[in-house]
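Everything on this sheet refers to the single structure shown next.
Lettering follows sequence order; numbering is per chain, from 1.
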Protein chains: 2
Amino acid sequence: MKYDFESSVGYWVTIVSLAYRKALNEELAPHGITFRQSQVLGWLVHDGVLSQSSLAAKMEVEAPTLKGLVDRMEAAGWVKRCSCMDDRRKKLIRMTSAAEPVWQKIADCARKVRREATAGLNRDETNQLLHLLRTVHNNLILRSEVPADEIQIG
Amino acid sequence: MKYDFESSVGYWVTIVSLAYRKALNEELAPHGITFRQSQVLGWLVHDGVLSQSSLAAKMEVEAPTLKGLVDRMEAAGWVKRCSCMDDRRKKLIRMTSAAEPVWQKIADCARKVRREATAGLNRDETNQLLHLLRTVHNNLILRSEVPADEIQIG
DNA sequence: CTCCGTTCGTTAGCATGCTAACAACGTATT
DNA sequence: AATACGTTGTTAGCATGCTAACGAACGGAG
């Protein structure tokens with residue numbers, strides 16, 4: 001019983017994701033930062049200050065995964081954990097001044113790889129790709145939020 | 001200097017890849033197998049016998065990554081390493097008979113998640129998505145094979 | 001105010017990714 | 001044959017992913 005990987009969205013999304021991350025990691029390596037770490041800085045630039053849980057939600061990873069990311073970035077001096085006055089459970093993550101001069105280079109690397117990845121695609125095709133990926137993502141998110149076998153109205 | 005993740009192919013491919021893997025892992029967990037391990041069996045069903053290096057190439061991962069996969073699957077009894085007569089360096093991977101009864105269930109899980117992921121997309125849109133992902137993948141592969149700063153014809 | 005369920009961050013343990021460096025083997029060159 | 005170079009698989013070390021289980025803090029019900 002065969003299974004056709006070549007026509008599987010999961011297969012292609014997996015290997016494109018690996019290839020994209022690898023490409024960007026190569027660009028970022030000289031700056032001592034990784035793909036996911038650069039995304040953390042991106043969200044901090046975008047939103048200012050974020051708690052670990054909200055950052056985890058934005059990056060679509062679980063809490064322990066984000067903790068590891070923040071641990072390494074705090075050790076490297078890119079970010080800092082601050083206590084939250086309103087809620088003593090929360091720890092607010094903010095970018096340090098040491099990270100600011102590097103962010104410009106990171107954004108340049110990200111744009112470069114993005115340009116290379118979408119070479120040969122016109123604006124419509126790129127938008128179509130993003131639209132289709134959002135649709136698939138939404139399908140998978142809804143799936144985890146409302147598993148079919150848990151819908152039991154008594 | 002902001003960077004717009006929402007319109008980044010890399011961002012969406014990353015989180016869709018994570019969501020897809022997570023969904024399939026949930027389906028496969030009862031069978032004691034993981035997403036990547038199921039793909040190994042898929043390739044073995046498709047091609048019969050494969051050396052580790054050719055399997056790594058098909059799965060788009062590096063040799064040490066594939067070694068870990070095969071190590072765990074051999075320990076679980078799904079696959080077996082066999083020596084190769086023609087080339088004593090190679091180790092041929094083949095599926096064991098113990099894995100065969102599970103493969104049908106794995107393929108069913110894969111088809112189920114695939115159907116859920118592409119819900120709301122017609123055949124044309126799905127093909128378009130696969131086509132665009134292949135294009136992006138090809139761009140990134142070419143990039144790593146011919147880095148621009150290494151083209152130096154003297 | 002106390003109890004109880006939820007949320008937040010952490011820990012432990014495992015699966016998957018990578019690069020760098022190595023030994024063993026194959027192959028081409030001299 | 002001897003040398004050199006490429007290929008194959010392994011090891012070590014690190015970065016990212018996950019679930020399960022936990023303590024601390026919040027918030028609402030009684």
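When hydrophobic clusters are built by joining Ile, Leu, Val, Met, Phe, Trp and Tyr residues whose side-chain heavy atoms come closer than 4.5 Å, directly or via intermediates, L44(A) is not grouped with L92(A). Cluster annotation: L41(A) is connected to V113(A) through the hydrophobic network of ILVMFWY side chains, with a link wherever side-chain heavy atoms come within less than 4.5 Å.
With hydrogens and angles left out, the side chain of R36(A) and the base of dT16(D) share no donor-acceptor pair within 3.5 Å.
Among the nucleotides dA25(D), dT7(D), dT10(D), the one closest to any side-chain atom of R89(B) is dT7(D). Listed nucleotides dA15(D), dG17(D), dC25(C) differ in distance to T65(A); the shortest reach to its side chain belongs to dG17(D). Taking the side chain of R21(A) as heavy atoms from C-beta on, and the options dT16(C), dT8(D), dT16(D), the nearest nucleotide is dT16(D). Side chain of Q52(A), nearest nucleotide from dT16(C), dC26(D), dG9(C): dG9(C). With dA24(D), dC18(D), dT10(D) as the candidates, the nucleotide lying closest to the side chain of K22(B) is dC18(D). Nearest nucleotide to the side chain of E62(A), out of dA15(D), dC18(D), dG9(D): dC18(D).
Under a cut-off of 6.0 angstrom, the local environment of CZ in R94(A) is sparse, with at most 12 non-hydrogen atoms contributed by other residues, nucleotides or ligands.
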Would you tabulate the pairs of protein nitrogen or oxygen atoms and nucleotide nitrogen or oxygen atoms of nucleotides 11-13 of chain D closer than 3.5 angstrom?
{"unit_1": "dT11(D)", "atom_1": "OP2", "unit_2": "K67(B)", "atom_2": "NZ", "d": "3.2"}

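Taking 4.0 angstrom as the limit, R88(B) places a side-chain polar atom (N or O) nearer than this to OP1 or OP2 of dG26(C). Between S53(A) and the phosphate of dG9(C), there is a side-chain N or O to OP1/OP2 separation shorter than 4.0 Å.
The residue R72(B) sits close to a base: some heavy atom pair falls under 4.0 Å. Within the 4.0 angstrom heavy-atom criterion, no nucleotide atom of any strand lies near L66(A).
A donor-acceptor pair shorter than 3.5 Å can be found between the side chains of R114(B) and S7(A).
Rounding to the nearest 0.5 Å places CG of D108(A) at 10.0 Å from CH2 of W103(A).
By the ring pair (Phe, Tyr, Trp, His ring centres under 6.0 Å) test, W12(A) pairs with H137(B), sequence neighbours left out.
A 4.5 Å side-chain heavy-atom check between T135(A) and E125(B) finds every atom pair outside the cut-off.
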